[in-house]
Asks: 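Could you have a look at this structure, given as structure tokens, before my questions?
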Amino acid sequence: MALGAMQHWLLRVTSLIDHAEREHPTREIVSAWADGSVTRTNWQEVARNARRMAQALEAGGVGRGERVATLAMNHARHLTAWYGACGMGGVVHTINPRLFPDQLTYIVNHAEDRVLLYDALFAPLVEKMKPHWPTIETYACFDPPAGWSGDVAFEEWLAPFDGDYRWAEGDERDPCGLCYTSGTTGNPKGVLYEHRSTILHAMAEVSPDVMGLSARSVALPIVPMFHANAWGLPWAAPIAGCKLVLSADYRPERMCALFRDEGVTHSAGVPTVWIEMIAFIERTGADLGPLEQVVIGGSAAPRAMIEWLRARGIAVGHAWGMTETSPIGTIGAPPANWGEMDEAAQVAFISRQGRVPFGVELRIVDDEGRVLPRDGEASGRLQIRGPWVVQRYFKAEEDAVDADGWFDTGDVAILHPDGTMQITDRSKDVIKSGGEWISSIELENAALGFPGVLEAAAIGIAHPKWDERPLLCVVRKPGAEVCPDALRAHLAGQVAKWWLPDAIEFVDDLPHTATGKISKKQLRERFTGYAFAGTEAMTGRD
């Protein structure tokens, strides 16, 4: 069989940093450190230091395919570590410092990490965990403070090396990254990314209908590099050659200052981040500078949040994805008839989780595996497949997909005729009442549109007649009074009558996972044994 006559150009992530170094060498990379200081470098320097790090790893005996771990927030040295580890043929393993000690023990030992690079902020955690991490031979601190007497400083570790290094060669299907899921049941599962899958994902990400990055963009991810690769932005940014602003401090006052001072045009983060930002801005009168576009994902964005941002001229891309999808699965890009839609229709469109970029396919199925129609009404288990979707978890013996390559996401969704996808719940969080499903997400988002509500979470509580009924847990904004009857009346105008919660409980806080999402598991544990008023009589109890 005759082959084509085009060049065989392997898709390896080192080509990303090579491109940025060659075509956008002086474009800034800004690091806002946890101690309040700010340092500046550029793509050329990051590329050179990545080569020096590759030399250091090889000198330390790290081999091809072996794992190099990071326990760090967002900054240029962390970015250097990504490209340095991948550049010598290793695998960068980003560790979430918010995990419990037993989880940290498991994932490092499961990954068999050889090297750990960490922020001084996490030094106490590292010292505590060292006895439990027997595979790690080299520790280095990214940002040691003055008088540091601990592990070798990152800059000192690189000092003997000049950067005269040729990237390791290999197949584009070689592994380059490892992230572990933050699952609430069982041990975390490792997702092993490939050079090829990472580049395809990055190329999709810079496109206008995803994150719309260009050389003129200034991107600030308010999502840690240990959380699904900061949603792929550190891989996508060098394609565009954009300015990258990386911060280790997500406090609203720090974020607003960076948005303004650095001229940030593009950002991305989970809803809880934007809730805090909005509350801070409303309280202080701060602003977001020249911000043009934000991507919100991780959990559903409340309609009120989308409206608040749009009212300030900021375009909103509502995204869905997971560690297993690198993570972008869908994003809410405007459709062809966007200009013909009124404000309400545009907000309703953006409130869905968007459409797939090229390379990804979605479908929904019922509990028997039958494919359901894309009619905007049928609701089923969401499945996905594509070149940046997991095939098999790290070290697993069996594939995580079916015979046709479909991965079950664990989400429940609706697919609309226009191609948009709408998450209605996680399969484990959906409230099943009288044989019908109540979307906890829609109930929560309706509550978040009521004045004075800071956060809301709905969970199913056992009911003797209906199996489950919704309990709505609400956190008030500081100083706000929220009348339960008024909130219930507001909800009555937003959701079906039978969806209305049987009780509203006001709480001081809601539990969150290591990635900032509300933990329904912990919330259900908090309300173990809870009973709605009057249900005792229905069960014959005293």
Side-chain angles (χ1 to χ4, degrees), residues 11 13-32 38-50 73-83 86 177 198-225 227-248 250 254-269 273 288-297 309 313-317 319 321 326-328 331 333 357 388:
L11 300 179
V13 297
T14 45
S15 63
L16 302 174
I17 195 71
D18 284 348
H19 172 78
E21 178 186 28
R22 184 176 58 249
E23 307 299 338
H24 308 278
T26 61
R27 196 62 165 130
E28 273 193 318
I29 299 172
V30 180
S31 299
V38 174
T39 58
R40 299 175 186 277
T41 183
N42 54 44
W43 286 111
Q44 185 176 52
E45 283 299 310
V46 166
R48 176 177 176 270
N49 288 332
M73 297 301 293
N74 296 4
H75 49 74
R77 290 174 186 165
H78 196 178
L79 185 67
T80 295
W82 280 26
Y83 287 100
C86 297
T198 300
I199 286 196
L200 291 175
H201 181 272
M203 291 173 71
E205 188 166 351
V206 298
S207 64
D209 278 353
V210 183
M211 291 198 176
L213 298 176
S214 74
R216 299 180 303 279
S217 303
V218 181
L220 191 165
I222 317 181
V223 55
M225 291 170 70
H227 182 195
N229 289 329
W231 298 357
L233 272 166
W235 300 124
I239 293 178
C242 66
K243 176 179 174 180
L244 198 55
V245 182
L246 302 171
S247 179
Y250 292 158
R254 190 79 186 278
M255 287 293 98
C256 285
L258 286 171
F259 276 105
R260 182 183 62 252
D261 296 345
E262 301 299 335
V264 173
T265 60
H266 291 66
S267 189
V273 164
L288 292 169
L291 186 62
E292 300 172 4
Q293 179 177 326
V294 301
V295 172
I296 303 175
L309 290 163
I314 301 168
V316 179
S326 298
I328 293 174
I331 196 160
W388 56 80

Asks: How would you list, by chain and number, every residue that makes a side-chain hydrogen bond (donor to acceptor under 3.5 Å, both in side chains) with N74, sequence neighbours excluded?
Replies: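 Counting only residues at least two positions away or on another chain, N74 forms a side-chain hydrogen bond (donor to acceptor under 3.5 Å, both in side chains) with Y250.
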Asks: What residues, two or more places apart in sequence or in another chain, satisfy side-chain hydrogen bond (donor to acceptor under 3.5 Å, both in side chains) together with S207?
Replies: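 Listed in chain order: nothing, the list is empty.
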Asks: Sequence neighbours excluded, which residues qualify as side chain to side chain contact (heavy atoms under 4.5 Å, CB included) partners of A268?
Replies: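 With sequence neighbours excluded, A268 shows a side chain to side chain contact (heavy atoms under 4.5 Å, CB included) to M211, W231, L233, V295, given in chain and number order.
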Asks: May I ask you to test the I222-F259 pair for a side-chain heavy-atom distance under 4.5 Å?
Replies: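 Yes, their side chains come closer than 4.5 Å.
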Asks: Donor-acceptor check, side chain of R27 to backbone of W43, threshold 3.5 angstrom: yes or no?
Replies: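 A pair under 3.5 Å: no.
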Asks: Check whether any side-chain heavy atom of E262 lies under 4.5 Å from a side-chain heavy atom of L220, and answer yes or no.
Replies: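 No, every pair of side-chain atoms sits at 4.5 Å or beyond.
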Asks: Tell me every residue that passes salt bridge (charged side-chain N to carboxylate O under 4.0 Å, His left out) with E28, counting only those two or more places apart in sequence or in another chain.
Replies: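 Counting only residues at least two positions away or on another chain, E28 forms a salt bridge (charged side-chain N to carboxylate O under 4.0 Å, His left out) with R40, K243.
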Asks: Identify the two heavy atoms, one from G212 and one from Q293, that lie closest to each other, and give their separation to 0.1 Å.
Replies: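 Nearest heavy atoms, G212 then Q293: N-NE2, 4.5 Å.
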Asks: Where do I328 and W388 come nearest, in terms of heavy atoms and distance?
Replies: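 Residues I328 and W388, closest heavy atoms: O-NE1, 2.9 Å.
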Asks: Is it true that a side-chain atom of S267 and a backbone atom of V294 form a donor plus acceptor pair closer than 3.5 Å?
Replies: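 Checked: no pair found.
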Asks: With a 4.5 Å cut-off on side-chain heavy atoms, are W235 and S326 touching?
Replies: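 Contact flag for S326/W235 side chains = no.
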Asks: Taking all heavy atoms of H266 and all of S217, pick out the closest pair and write down the distance.
Replies: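 Scanning both residues, the minimum pair turns out to be CE1-OG, 3.5 Å.
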Asks: Is any side-chain heavy atom of T41 closer than 4.5 Å to a side-chain heavy atom of T80?
Replies: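 Counting from C-beta outward, T41 and T80 never come under 4.5 Å.
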Asks: Would you say that C256 contacts L288 through its side chain, given a criterion of any heavy-atom pair below 4.5 Å between the two side chains?
Replies: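 Heavy-atom side-chain distance check passes, below 4.5 Å.
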Asks: CG/L244 to CG/L79 distance, rounded to the nearest 0.5 angstrom?
Replies: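 It comes to 6.5 Å.
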Asks: Where the side chain of H78 meets the backbone of M73, is there a donor-acceptor pair that is under 3.5 Å apart?
Replies: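 Between the backbone of M73 and the side chain of H78 there is a qualifying donor-acceptor contact (under 3.5 Å).
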Asks: How would you list, by chain and number, every residue that makes a side-chain hydrogen bond (donor to acceptor under 3.5 Å, both in side chains) with D18, sequence neighbours excluded?
Replies: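 With neighbours one apart ignored, the set is R51, W167.
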Asks: Are I239 and L213 side-chain neighbours, meaning at least one heavy-atom pair lies under 4.5 Å?
Replies: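 They are not in contact (no side-chain heavy atoms under 4.5 Å apart), so the answer is no.
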Asks: Contact between M255 and S247 at the side-chain level, heavy atoms closer than 4.5 Å - yes or no?
Replies: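 In contact.
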Asks: H201 versus T198: any side-chain heavy-atom pair under 4.5 Å?
Replies: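 Not in contact.
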Asks: Nearest 0.5 Å please: distance from the CD1 atom of I17 over to the CD atom of Q44.
Replies: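 That separation rounds to 10.5 Å.
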Asks: Please give me the minimum heavy-atom distance between V316 and L309, naming the atom from each residue.
Replies: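 Closest pair (atom of V316, atom of L309, distance): CG2-CB, 3.8 Å.
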Asks: To check you understand the geometry: which heavy-atom pair defines the closest contact between D209 and I331, and what is its length?
Replies: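 Taking every non-hydrogen atom into account, O-CG2, 3.1 Å.
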Asks: How far apart are the closest heavy atoms of S214 and C242, and which atoms are they?
Replies: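 Nearest heavy atoms, S214 then C242: O-CB, 3.2 Å.
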Asks: Under the side-chain hydrogen bond (donor to acceptor under 3.5 Å, both in side chains) rule, collect the residues that match up with H75, sequence neighbours excluded.
Replies: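 So H75 forms a side-chain hydrogen bond (donor to acceptor under 3.5 Å, both in side chains) with D119.
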